[in-house]
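Everything below concerns the one structure shown next.
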Amino acid sequence: MGRVGCGKTTLTQALRSEKIHYHKTQYINNYDVVVDTPGEYAEERTLAHALALYSYECQVVALLVASNEPYCIFPPGCAGTSNRPVIGIVTKINDKNANVPAATTWLHMTGISKIFYVDSTTGEGLAEIFEYLAEEGDTLPWLARQFPQNKQETT
């Protein structure tokens, strides 16, 4: 979750290995193991209750802050209100107006200690998120390419 324009949908597309294209999220979308939410839900107090309800369906909650944002919408200590692990993701790390230290500070103030840094358009930082979220038995995308399942694929 995060404010409008922080890169939630772009990150979702990158995590799903989709072509990155602008798409305004109009409602809460469940994509297999990823939930994409409209920024208005995080920005508007009356809609924020829906985020709390959907977080109960998740194993991990991510708060996103774009590195080029002028302020943070998340209040100090808010990560402690979740009964799920909460991670932070700083997006747009290569933006010309990036202020990664400020975004990092804002996420630390929420009570988050695990923060990832990503550029969804280049893929930078995605591997670290995949590795963190991987469960026993999961095959990470780059490992599947390195270790073919049968000999026909190697010839």
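- Remark: Thr105 engages no residue in a side-chain hydrogen bond (donor to acceptor under 3.5 Å, both in side chains) (not counting sequence neighbours).
- Looking at residues two or more places apart in sequence or on another chain, you find a ring pair (Phe, Tyr, Trp, His ring centres under 6.0 Å) between Phe116 and Tyr132.
- For Lys19 against Gln13, the heavy-atom pair with the smallest separation is O-OE1, 3.8 Å.
- Considering all non-hydrogen atoms of both residues, Ala98 and Lys92 come closest at CB-O, 3.9 Å.
- Asn94 approaches Thr122 most closely through the heavy-atom pair ND2-OG1, 4.3 Å.
- Checked against side-chain hydrogen bond (donor to acceptor under 3.5 Å, both in side chains), Ser120 has no partners two or more places apart in sequence or in another chain.
- Under the 3.5 Å distance criterion, the side-chain polar atoms of Ser82 are left unmatched by any main-chain donor or acceptor of Ala79.
- Grouping the Ile, Leu, Val, Met, Phe, Trp and Tyr side chains by contacts below 4.5 angstrom, directly or via other members, places Phe74 with Tyr71.
- Within the 4.5 Å cutoff, no side-chain heavy atoms of Val118 are placed close to those of Glu124.
- Clustering ILVMFWY residues whenever any of their side-chain heavy atoms sit less than 4.5 angstrom apart, transitively, puts Leu64 in the very cluster that holds Phe130.
- A donor-acceptor pair is defined here as one N or O able to donate and one able to accept, closer than 3.5 Å; such a pair exists between the side chain of Ser67 and the backbone of Thr91.
- Linking Ile, Leu, Val, Met, Phe, Trp and Tyr whenever their side-chain heavy atoms come within less than 4.5 Å puts Val65 and Ile73 in one cluster.
- In this model, a donor atom of one side chain and an acceptor atom of the other lie less than 3.5 Å apart for Thr104 and Tyr117.
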